[in-house]
Amino acid sequence: MKVIVLGSGAREHAIAVALKRSRAVSEVIVAPGNALTALDAKNVACRPADPEAVLQLVLAERADFVVVGPEAPLLAGVVDRLHAYGVPVLGPTQDAALLEGSKAHSKKAMVEAGVLTAGYHTFKDLDACLEHMQIHPAAYVVKADGLMAGKGVIVADDVTQSMAAAKELFAAGQTVVIERRLRGKEASLIALTDGCDYRLFPIARDHKRLMTGDKGKNTGGMGAFCPVALSAAEFEGQPVLTDTALAERAIAPILAWQRRRKQPYRGFLYAGLMFDAGKPHVLEYNARLGDPETQVLLSAMDGDVLPAFYAAAHGDFADSDWPDASGAAVCVVLAAEGYPDAPKSGARIDGIGRAREQPGVLVFGAGVARDGDAFVTSGGRVLSVVGHGATIDVARQRAYAAVECIAFAGMQFRTDIAAPPSVGRGKPQ
Ligand code: AMP
Ligand code: GLY
């Protein structure tokens, strides 16, 4: 089978590597990919969010299956276009992907489906929003409605900051959602679904702040690990829920809601959870795998993901296997100088080859390009360095040993990814 993975980041690189392990896969193409995906798969230039361009690529390559990495192609209707041509593709339709593409839609879906989430209001008018905040002063989380490439959410500490956030986000969009600010630990629960049934990935945790100790700016994610052993620390006296019980609250009701709307949801569904007062609230849905969660989830899984991916795309898991995920993995993101505000491109990267040779290590590329024989930085998050093994400790040691091999000017990374709290993960939120 010839498979095309749409996208160009470390998530797509990890998907490509996982698919390449499958006995049923003869070739993996990443479109457009990056300088490191080219080491493990074939790169083909393509605008992944252009449905016509993707269809032409599939036809030209005679590909058998397409896996969509990022959200932009989903919301641009790539899946719908390929469906119309009978091309098997893994990802939700444009309408179903609105669970990620519109915060207002997503919150309405959660409430109608009976999913626990922060109380919210939607505003189409700045003055009405500010008036509401004045009457009900609090710390709000303010969210622009549309896709904002991760920049549309402001978590405020008080009402003054909340009002400033509303002004900022109304300037960027037409509709704004404000919601109660929750407090608690976060976790990423990701399912693969055929529309009815679902399979769970291990629970993962993303480290969003730029600097060690959860300091500095919010980023797209500076690292991740899995599995997260949820315990009393998350549930704060409430009953501790298993992964399956969490999915019954956070995943199953939304899939049923989609079916009731006659818009079944197929593909990956990511629930961002926060344990406020020990209760798992859904902060958001993503219509795709997480980045950097994917880099750890697929590295920790042993076995062939293709049969379940392909079956989900066809709307019926039937009896396809779901690989064992008993391993652990830790991902450390190496970011460019100036990230996240103004990442510098063009710095020469040394040591990628040596890092890739370390045992239990995978190095996935994102903002990385070729300059002659050398690799150079070409984006904010440059590399995802993953260690995997039987335990988090082993995986963590392997990841950081591989990080030691790599150097480029201005390289930024956190030293506390997956660290136990005593090693300075910072105060719990
Ligand atoms: P979102 O894109 O909606 O997941 O928001 C991005 C990040 O903002 C989340 O991962 C949380 O860290 C934070 N966040 C979102 N909603 C809330 C909330 N209601 N309370 C506290 N933090 C939130
Ligand atoms: N790691 C969070 C995301 O992929 O949106």
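Being a predicted model, the structure only gives us computed values, none of them experimental. All values below were derived from every heavy atom in this structure, side-chain atoms included, with hydrogens, water molecules and symmetry-related copies excluded. First listed ligand is number 1; within each ligand, the first listed atom is number 1.
Residue Arg181 approaches ligand 1 through these ligand atoms, each under 4.0 Å from one of its heavy atoms: 20 (N), 21 (C). In the vicinity of Glu186, heavy-atom distances shorter than 4.0 Å reach the ligand 1 atoms 9 (C), 10 (O), 11 (C), 12 (O). Per-residue contacts place Glu179 under 4.0 angstrom from the following atoms of ligand 1 (heavy atoms of the residue considered): 16 (N), 17 (C), 18 (C), 19 (N). Atom numbering of ligand 1 starts at 1 in the shown order; those under 4.0 Å from a heavy atom of Lys143 are 3 (O), 15 (C), 16 (N). For ligand 1, the atoms lying closer than 4.0 Å to a non-hydrogen atom of Lys103 are 1 (P), 2 (O), 3 (O).
Taking the six-membered ring for Trp and the full ring otherwise, the centers of Phe268 and Phe309 sit less than 6.0 Å from each other.
Checking each of Lys185, Arg183, Arg180, Arg181 against Asp276 for a salt bridge (Lys or Arg N to Asp or Glu O under 4.0 Å) leaves exactly one that passes, namely Arg180. Tyr270 pairs in a side-chain hydrogen bond (donor to acceptor under 3.5 Å, both in side chains) with only one of the listed residues (Glu284, Arg288, Glu293, Glu100), which is Glu293.
Residue contacts with ligand 1 for His281 are absent, since no atom lies close enough (heavy atoms, distance under 4.0 Å).
In this structure a side-chain-to-backbone donor-acceptor pair under 3.5 Å is missing from His207 to Ile417. Panel note: side chain Gln263, backbone Gln258; no donor-acceptor pair is recorded below 3.5 Å. In this structure a side-chain-to-backbone donor-acceptor pair under 3.5 Å is missing from Ser384 to Cys331.
In this structure, Lys208 counts as a contact residue of ligand 1, since one of its heavy atoms falls inside 4.0 Å of the ligand. Within the structure, the closest approach of Arg11 to ligand 2 does not fall below 4.0 Å when heavy atoms are considered.
Considering both main-chain and side-chain atoms, Lys208 never comes within under 3.5 Å of ligand 2 through any nitrogen or oxygen pair. When only interatomic distances are considered, the shortest N/O to N/O separation between Asp291 and ligand 2 falls below 3.5 Å. At least one N/O-N/O distance between Leu182 and ligand 1 falls below 3.5 Å.
With salt bridges taken as basic N to acidic carboxylate O contacts below 4.0 Å, one links Arg205 and Glu234.
Within a 6.0 Å radius of CD in Glu112, more than 12 heavy atoms belonging to other residues, nucleotides or ligands are found.
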